[in-house]
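Report on the following structure.
The figures here come from the full heavy-atom set of this structure, side chains too, leaving out hydrogens, waters and symmetry mates. The model shown is predicted, which means the values in this text are computed figures rather than measured ones. Chain A is the first sequence line, chain B the second, and so forth, proteins listed ahead of strands; every chain is numbered from 1.
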Number of protein chains: 2
Amino acid sequence: MKDDLKFEAFKEVVSLSVEGLSRDLFLGNRESIKIKKEGVAVKNLVKILNAALALSNQKGFAAMSLRDLSREAGLSMGALYTYFTSKEELLHMIQRQSAVVMQVLVDHIEGIDDPKFKLRRAIQAHLFLSEILREWFYFSYMETKNLGRDDHRKAIEAELFTEKLFIDIIHEGQKAGAFREVDTDLLGAVIKAMLQDWYLKRWKYAGRKVSVERYAAFVVEFVEMYLAPSQE
Amino acid sequence: MKDDLKFEAFKEVVSLSVEGLSRDLFLGNRESIKIKKEGVAVKNLVKILNAALALSNQKGFAAMSLRDLSREAGLSMGALYTYFTSKEELLHMIQRQSAVVMQVLVDHIEGIDDPKFKLRRAIQAHLFLSEILREWFYFSYMETKNLGRDDHRKAIEAELFTEKLFIDIIHEGQKAGAFREVDTDLLGAVIKAMLQDWYLKRWKYAGRKVSVERYAAFVVEFVEMYLAPSQE
DNA sequence: GTCTATATCTGGATAGAC
DNA sequence: GTCTATCCAGATATAGAC
């Protein structure tokens, strides 16, 4: 279908990667990071972040010791501490970068007028983003409650913000007569739940060989049927 | 609607409680629990389990120290260790009791013939169960990856088992002509995701004053519209 | 910039008094 | 049956050599 966004194309366009996120992270934390050469810092941050996400998502951030992390990242304990001043700050750094990603979703759908098309694109973009950075999304979801007060609040705001994105699109569609009247808040909530399931249960979908494009198509169809104006 | 199960009625019938689960737990672990008097043991198990669930769900099981638990439960460290032999065994105990609950769901829908009615009842019963024991469900979901090998495997089997429950009902309905042909696996997966969202995001629904009955009605309507045979 | 060695503390677990 | 006191492994964090 011509409306459908292809995953590979999307990936090219947004060009998100651990390298990119590491570079942003380095540039945004030059004061607290003791390493001054960008090349060295970014290379090690990539190793640290990949290792931290892998270990945390396997057994939880709290259960990951910095010795584990040191081994997995291939850096000594001393070296680790030149990139962050405490384990808590490492958590904070990862969480902040995750939050930034959501801006990509917003940028991707702004300017689209047709509500039905916009809803479809929003669902696809959300799923594709979480596919590209699934470890970050998983981490962000699972570690929310371990965050400090401020980060915790921001994480909840981010959840509500993306949910509202969907709710607003549905409202627009209802005003335009493209969608029928439904409980918009609840629909927004379950759309979000279905999108999150994609990265929370990746083992399940991978085992069944479900591609992200197929999952996206299913969610779109499911929601569109519910919103279709009743034929009279 | 006459088909609708009422939450309060359901609660009466199944009569699940922390006391009940504690008693079962005591009877099922008489060898390893050092306390012999049932009354004492059950009373303290209730305190321990409530405290453990509250603390774990707040900041994660790994981050909960047994000193925290001791304070919250109002028992000394020494007393705690007469009910379990290690922190890991406490995790195991909670997880096992959670798993048992699912049998209630199976019992509740067996013998129903009409697929549409059966699907509705299964959705309602799942949501109502998780509403009664939301702390157990939340714990079970969030701590899955912290479990030992065996418990971890069982937790995944439980997830797939309940999902299959829904998938089977949908298949029956399709054979009977009550539902149209759809991707049954994906529909089962997202139904499960929506049911889980109820206990994973309780703060959200509570804040919006959404009752479990209303959420159930929404999910049922959402799924039934998708499954309705196309009118030609 | 990175490593090894070590200081310091937290938390799981237990012994023994009551 | 319950508590206090204590042991000790393992964790975070840092100092100082290279």
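Per the geometry, CZ belonging to Phe61(A) stands 13 Å off C1' belonging to dA11(D), to the nearest Å. For the pair Leu80(B) CG and dG12(C) P, the computed distance is 10 Å after rounding to whole Å. When rounded to the nearest whole Å, the span between CD1 of Ile33(B) and P of dG1(D) equals 11 Å. Residue Lys43(B) contributes atom NZ, which lies 11 Å from atom P of dG1(D) at whole-angstrom precision. Atom pair Leu69(A):CG and dA13(D):C1' shows a separation of 14 Å (rounding to whole Å applied). Residue Phe84(A) contributes atom CZ, which lies 13 Å from atom P of dT2(C) at whole-angstrom precision. Going from atom CG of Leu66(A) over to atom P of dT12(D) covers 4 Å, rounded to whole Å. Distance Leu45(B) CG to dT2(D) P: 11 Å, rounded to the nearest Å.
For the pair Lys204(A) and Glu163(B), the salt-bridge criterion is met [side-chain N within less than 4.0 Å of a carboxylate O]. No salt bridge links Lys192(A) with Asp197(B); every basic N to acidic carboxylate O contact stays at or beyond 4.0 Å.
Between Tyr81(A) and dT14(D) there is no side-chain polar atom (N or O) within less than 4.0 angstrom of OP1 or OP2. Tyr83(B) has a side-chain polar atom (N or O) that falls below the 4.0 Å cut-off from OP1 or OP2 of dT2(D).
Of all nucleotides listed (dT2(D), dT4(C), dA13(C)), dA13(C) comes nearest to the side chain of Met77(B). Comparing dC3(C), dA13(D), dG1(C) against the side chain of Ala79(A) picks out dC3(C) as the nearest. Here the nucleotide nearest the side chain of Ser65(B), chosen from dA13(D), dT2(C), dG11(C), is dG11(C). With distances taken from any side-chain atom of Lys87(A) to the nucleotides dT2(C), dT2(D), dT12(D), the minimum falls on dT12(D).
A donor-acceptor contact closer than 3.5 angstrom is absent between the side chains of Gln196(B) and Gln196(A). Side-chain atoms of Gln95(B) and Ser140(B) include a donor-acceptor pair closer than 3.5 Å. In this structure, a donor-acceptor pair under 3.5 Å is present between the side chains of Glu131(A) and Trp198(A).
Nearer to the 5' terminus of DNA chain D, by closest-nucleotide assignment, is the contact made by Lys36(B) (compared with the other of Arg67(B) and Lys36(B)). In terms of position along DNA chain C, the nucleotide closest to Lys34(A) lies nearer the 5' end than the nucleotide closest to the other residue of the pair Lys34(A) and Met64(B).
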